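Just below is one structure, and these are the notes that go with it.
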Amino acid sequence: DVSTLERWLLETKNKQLLAHEKLITAHLMADQFQTNNNPTKIAEDFRKVQVLIFEVNQYLKESTAYLKEIKEELKYGNY
């Protein structure tokens with residue numbers, strides 16, 4: 001069904017955009033490590049960056065799963 005493929009493609013794009021936004025946030029937070037002299041704050045921010053990167057990874061995995069589904073549908077002509 002073409003509408004399913006379109007929905008998967010839209011979901012893929014949305015997941016990629018979310019991943020990009022989170023990655024930018026993580027990058028900005030990581031850049032602030034150098035300006036902070038408080039080890040506790042650095043450790044706390046580092047954990048936040050780790051969580052953001054984990055979320056980015058999850059979004060990209062989900063995006064890849066949608067692309068694999070699209071590939072399979074196109075490969076076998078199930079649309």
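The chain is numbered in sequence order, starting from 1. The shown structure was predicted, so the numbers you read here are calculated from the model rather than taken from an experiment.
- By the 4.5 Å heavy-atom criterion applied to side chains, Asn57 and Lys61 are counted as neighbours.
- For the pair Ile24/His20, a side-chain contact is recorded, criterion being any heavy-atom separation below 4.5 Å from C-beta on.
- Residues Leu52 and Glu55 are in side-chain contact: their nearest non-hydrogen atoms beyond the backbone lie under 4.5 Å apart.
- Salt-bridge annotation for Glu72 and Lys68: absent, with no side-chain N of the basic residue lying under 4.0 Å from a carboxylate O of the acidic one.
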- [ ] List the steps and the verdict of side-chain contact (heavy atoms from CB on, under 4.5 Å) for His27 and Leu23.
- [x] CA-CA 6 Å; His27 189 266; Leu23 196 56; 5.8 Å; no
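- In terms of hydrophobic clustering, with Ile, Leu, Val, Met, Phe, Trp and Tyr side chains grouped at heavy-atom distances under 4.5 Å, Tyr66 and Leu5 are assigned to a common cluster.
- Between Ala19 and Leu60 the shortest heavy-atom distance is CB-CD2, 3.8 Å.
- For Phe33, the CZ atom sits in a packed shell: over 12 heavy atoms of surrounding residues, nucleotides or ligands are nearer than 6.0 Å.
- Side-chain contact between Thr25 and Val49 is absent, with no heavy-atom pair separated by less than 4.5 Å.
- With rounding to the nearest 0.5 Å, the separation of CD in Gln50 from CD1 in Ile53 is 7.5 Å.
- Between atom CG of residue Leu10 and atom NZ of residue Lys15 there is a gap of 11.0 Å, rounded to the nearest 0.5 Å.
- Here the CG-CG distance, from Asp45 to Asn36, works out to 6.5 Å after rounding to the nearest 0.5 Å.
- Rounding to the nearest 0.5 Å gives a distance of 12.0 Å between CD of Glu11 and OG1 of Thr4.
- Of the inter-residue distances, the one linking Glu21 atom CD with Tyr59 atom OH reads 9.0 Å to the nearest 0.5 angstrom.
- Minimum interatomic distance between Leu9 and Ile70 (heavy atoms only, all atoms of both residues): N-CD1, 3.7 Å.
- Distance check, rounded to the nearest 0.5 Å: CD1 of Ile42 to CD of Gln34 gives 10.0 Å.
- In this structure a side-chain-to-backbone donor-acceptor pair under 3.5 Å is present from Thr12 to Trp8.
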